[in-house]
Chemist: 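Shown below is the structure under consideration.
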Amino acid sequence: MSDTRWDRLLLNATLATFTGDAAYGLIERGAIGLHQGRIAWVGRMDALPDAPHALAAKVESLDGALVTPGMIDCHTHLVFAGDRSHEFDLRLNGASYEDIARGGGGIVSTVAATRMAGEDQLFVQSLIRAQALLADGVTTLEIKSGYGLDLEGERRMLRVARRIGRELGVGVRTTFLGLHALPPEYRERRDDYVTLVCDTMLPTLAAEGLVDAVDAFCENIGFTLDETRRVFERATQLGIPVKLHAEQLSDLDGAALVAEYQGLSADHLEYLSESGIGAMAAAGTVAVLLPGAFYALRETKLPPVEQLRKAGVPMAVATDCNPGTSPLLSLRLAASMACTLFRLTPEEALRGVTVHAARALGFADRGTLAPGQRGDLLVWDARKPAELCYWIGGQLLQQVWLNGEQVLAA
Ligand code: NIG
Ligand code: FE
C-alpha cells in the first residue's frame with residue numbers, strides 16, 4: 001500500500017504564522033506538516049490529529065526554534081553589471097542623486113555596463129546577489145529590468161532573472177521597467193522612446209512570457225505622469241498588473257495614478273500626499289517602503305507611515321537592491337531599518353516582508369504559514385519574532401525550506 005502520510009512533520013516550533021488575530025499569528029509549541037511541496041497542517045502540537053509517526057514519513061524536533069514563512073523581497077533591481085561605488089564617494093562629497101543623474105551618471109551608467117555584458121556574465125554577477133538574499137531568508141523575489149532600455153538588453157535582463165529562479169529554486173517575479181531612464185540615444189526623442197516601450201518592447205517581451213508586471217520611474221529625472229499613463233494603458237490592454245516608483249524624490253501624484261489602475265503597489269513614497277494615501281487605500285494598492293534607498297541617499301523626508309497606518313494601507317518592506325541608491329543584500333536588515341528609521345513595529349516590518357510583500361507581487365500562495373501555502377519556511381536561531389528586526393547582522397538563519405525541501409542549513 002502506498003504511504004499516504006505527509007512527507008515531513010516539524011515538531012516543537014515557535015510558529016510566526018502571520019494569520020489570525022494574535023500578535024505575529026504566534027503559535028507556541030507548534031507543529032507544521034509538509035506534503036508535496038506545500039504546507040499540509042499548522043497548529044499546536046497537542047492538537048495534532050494522530051501520533052507523529054502515524055502522520056508523517058519523517059519527523060523532527062526544532063527544540064523551540066522560531067519558524068517563519070520564507071521572506072519575500074518585493075522590489076529589487078538585482079540584475080545589473082558593474083557597480084557605482086564611485087557615486088557613493090561623490091554623494092558623500094555633497095553631490096545629490098539628481099546631480100549625478102543629470103551629469104550622465106546614475107542609472108544610464110549602469111545601462112552602459114549592462115549592455116556590454118553577455119548573458120552569462122550578467123547571470124554570474126547577479127546570481128551572487130540573489131544567493132546573498134537567500135542566505136538571509138529570501139525565498140521569493142521580484143527582479144526588475146530597466147538597465148537594458150532596448151529590446152535586446154531588456155530581454156537579456158529578464159531572461160537572467162528567470163534563470164536565477166531556476167538555478168536557486170527561489171520564486172522569481174519579473175517586472176518590466178522600460179521607463180526607468182531615457183536612454184542616451186533618445187535624448188532628443190523622448191516620445192519615440194515611450195512609443196518604442198509601449199508598442200514594441202512591452203508587447204514583445206510579454207509575448208515571450210518574460211513579464212509578470214510593469215513598473216515605471218515616475219519622477220522629474222525619470223518619466224512624467226502622462227508618459228507613465230501610456231505604459232500603464234498598454235499593460236492593462238495586455239492584462240499585466242502595474243506598480244510604480246512613486247513620490248521618491250518629489251510629489252508627482254504617481255501613487256494616485258497607479259491606484260487608478262488598481263496597481264499592485266506604489267513604492268518609495270517619501271513625498272506621498274494625503275490624497276495619494278486615500279487613492280491607495282480605496283484601490284487596495286500596497287505601500288512598499290524602501291529604507292535602504294532612504295538610508296543610502298541620506299534622505300530626511302520620512303514616508304507618511306502613521307497616515308498609511310490610519311488609512312489601513314498595507315505596508316510592505318523591500319531591499320530595492322540596486323547599484324545606485326540601495327546596495328543592500330539583506331531583507332532582514334531592511335526590516336530592521338524600517339523599524340529604526342521609519343518607526344514600523346517589528347510585527348509590521350515582518351508582515352511587510354512576508355504577507356504584505358506577497359500581496360505586492362500578486363501572490364496568494366505564500367507569505368503566511370497556513371495549509372495549502374508553498375512549503376517555504378525559515379528556521380531561526382531565535383525564540384521571539386522581534387529578534388529578527390532587533391539583531392543587526394549575525395547568523396540567525398538556521399534552515400531554509402523551499403517547496404517543502406530543506407535547501408540550506410547553517
Ligand atoms: O529604486 N529610482 C529609480 N530606480 C532605483 C535606482 C536605480 C539606480 O540608481 O540604478 C531606485 O531607487
Ligand atoms: Fe527601485
Side-chain angles (χ1 to χ4, degrees), residues 73-88 90-91 95-115 122 125-126 129 133 141-149 153-154 157 161 173-183 213-224 227-228 242-250 252 254-255 258 263-271 286-299 301 303 316-329 331 334 337 357 360-361:
D73 196 347
C74 65
H75 181 142
T76 88
H77 309 247
L78 74 73
V79 171
F80 60 85
D83 74 89
R84 304 226 299 274
S85 49
H86 60 286
E87 289 182 10
F88 180 54
L90 292 175
R91 285 202 309 275
S96 71
Y97 182 62
E98 290 98 318
D99 294 338
I100 295 169
R102 291 204 173 94
I107 295 171
V108 296
S109 65
T110 298
V111 171
T114 304
R115 283 179 173 177
L122 200 53
Q125 291 185 25
S126 306
R129 294 185 278 271
L133 289 176
L141 68 155
E142 184 248 22
I143 302 177
K144 300 177 195 293
S145 70
Y147 295 122
L149 308 185
E154 293 290 286
M157 289 187 69
R173 272 291 207 240
T174 53
T175 298
F176 173 63
L177 178 54
L179 295 191
H180 195 196
L182 192 64
V214 167
D215 190 354
F217 184 28
C218 185
E219 191 55 69
N220 292 321
I221 56 164
F223 292 88
T224 66
E227 290 163 342
T228 304
V242 298
K243 42 180 54 235
L244 191 64
H245 282 73
E247 276 71 277
Q248 180 185 12
L249 308 168
S250 61
L252 294 193
V258 73
L264 290 170
S265 67
D267 303 37
H268 286 288
L269 303 176
E270 280 81 348
Y271 290 81
V286 176
V288 177
L289 304 178
L290 303 167
F294 176 93
Y295 167 82
L297 294 179
R298 308 181 78 233
E299 178 60 71
K301 178 126 172 70
V317 175
T319 62
D320 195 15
C321 174
N322 78 72
T325 64
S326 191
L328 174 57
L329 292 169
L331 183 56
M337 292 164 88
L361 295 181

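Just follow the structure's listing: the first ligand is 1, and inside any ligand the first atom is 1. Because the structure is predicted, anything quoted here is derived from the model rather than measured. All values below were derived from every heavy atom in this structure, side-chain atoms included, with hydrogens, water molecules and symmetry-related copies excluded.
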Chemist: Main chain of T319, side chain of D73: is a donor-acceptor contact present, judged purely on distance under 3.5 Å?
Modeler: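 Yes, D73 side chain to T319 backbone: donor-acceptor pair under 3.5 Å.
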Chemist: Does any N or O atom in T110 lie less than 3.5 angstrom from one in ligand 1, N or O only?
Modeler: no
Chemist: Below 4.0 angstrom from a heavy atom of Y147, which ligand 1 atoms are there? Numbered from 1 as shown, please.
Modeler: 7 (C), 8 (C), 10 (O)
Chemist: I need the nearest protein heavy-atom contact for atom 9 (O) of ligand 1: residue, atom name and distance, please.
Modeler: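 Heavy-atom neighbour on the protein nearest atom 9 (O) of ligand 1: Y97 OH, 2.5 Å.
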Chemist: Is there side-chain contact between L289 and F294, with heavy atoms separated by less than 4.5 Å?
Modeler: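 Counting from C-beta outward, L289 and F294 never come under 4.5 Å.
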Chemist: Heavy-atom contacts with I107 under 4.0 Å: which atoms of ligand 1 show up? List them by number with element.
Modeler: 7 (C), 8 (C), 9 (O), 10 (O)
Chemist: Please work out whether any backbone atom (N, CA, C, O) or any side-chain heavy atom from C-beta onward of F80 is under 4.0 Å from ligand 1, and answer side chain, backbone, both or neither.
Modeler: neither
Chemist: Can you tell me if an N/O/S atom from H75 lies under 2.8 Å from the Fe ion (ligand 2)?
Modeler: yes
Chemist: F217 heavy atoms, cut-off 4.0 Å: which ligand 1 atoms fall inside?
Modeler: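 Within the 4.0 Å cut-off of F217, ligand 1 contributes 2 (N), 3 (C).
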Chemist: Please work out whether the ring planes of H245 and H75 are parallel, tilted or perpendicular, with thresholds of 30° and 60°.
Modeler: perpendicular
Chemist: Is S265 reaching over with its side chain to a backbone N or O of A287, donor-acceptor style, under 3.5 angstrom?
Modeler: no
Chemist: Evaluate the side-chain proximity of N220 to L249: yes if any heavy-atom separation is below 4.5 Å, no if none is.
Modeler: no
Chemist: Which atoms from ligand 1 have a heavy atom of N322 less than 4.0 Å away?
Modeler: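 Listed by number with element: 5 (C), 6 (C), 7 (C), 8 (C), 9 (O), 10 (O), 11 (C), 12 (O).
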Chemist: Taking atom NE2 of H180 and atom OG of S145, what is their separation to the nearest 0.5 Å?
Modeler: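 Going from NE2 on H180 over to OG on S145, the span is 9.0 Å.
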Chemist: Tell me, please, if D320 has any N/O/S atom, main chain or side chain, under 2.8 Å from the Fe ion (ligand 2)?
Modeler: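 Yes.
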Chemist: At the Fe ion (ligand 2), what's the angle from H245 NE2 to H77 NE2, rounded to 10 degrees?
Modeler: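 NE2 of H245, the Fe ion (ligand 2) and NE2 of H77 span an angle of about 100°.
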Chemist: Measure the CG-CG distance between L329 and L78 for me, rounded to the nearest 0.5 Å.
Modeler: 8.0 Å
Chemist: Determine whether a donor-acceptor pair (N or O, by modelled atom type, separation under 3.5 Å) exists between the side chain of E154 and the backbone of G146.
Modeler: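 At least one qualifying donor-acceptor pair exists.
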Chemist: Taking only heavy atoms of D320 into account, list the atoms of ligand 1 that are under 4.0 Å away from them.
Modeler: 1 (O), 11 (C), 12 (O)
Chemist: If we only count heavy atoms from C-beta on, is the R84 to I100 side-chain gap below 4.5 Å?
Modeler: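 Not in contact.
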Chemist: When you measure from atom 12 (O) of ligand 1 to every protein heavy atom, which one gives the shortest distance, and what is it?
Modeler: T325 OG1, 2.7 Å
Chemist: By number and element, which atoms of ligand 1 are closer than 4.0 Å to a non-hydrogen atom of R84?
Modeler: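 Matching atoms, with element in brackets: 8 (C), 9 (O), 10 (O).
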Chemist: Considering the options E142, K243, K144, which one meets the side-chain hydrogen bond (donor to acceptor under 3.5 Å, both in side chains) requirement together with T175?
Modeler: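 The option that passes is E142.
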Chemist: Checking a contact table here: which protein heavy atom is nearest atom 4 (N) of ligand 1, and how many Å away?
Modeler: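 Its nearest protein heavy-atom neighbour is H180 NE2, 2.9 Å.
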Chemist: What do we get for Q248 next to ligand 1 when only non-hydrogen atoms under 4.0 Å count, side chain, backbone, both or neither?
Modeler: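 It is the side chain that touches ligand 1; the backbone stays farther off.
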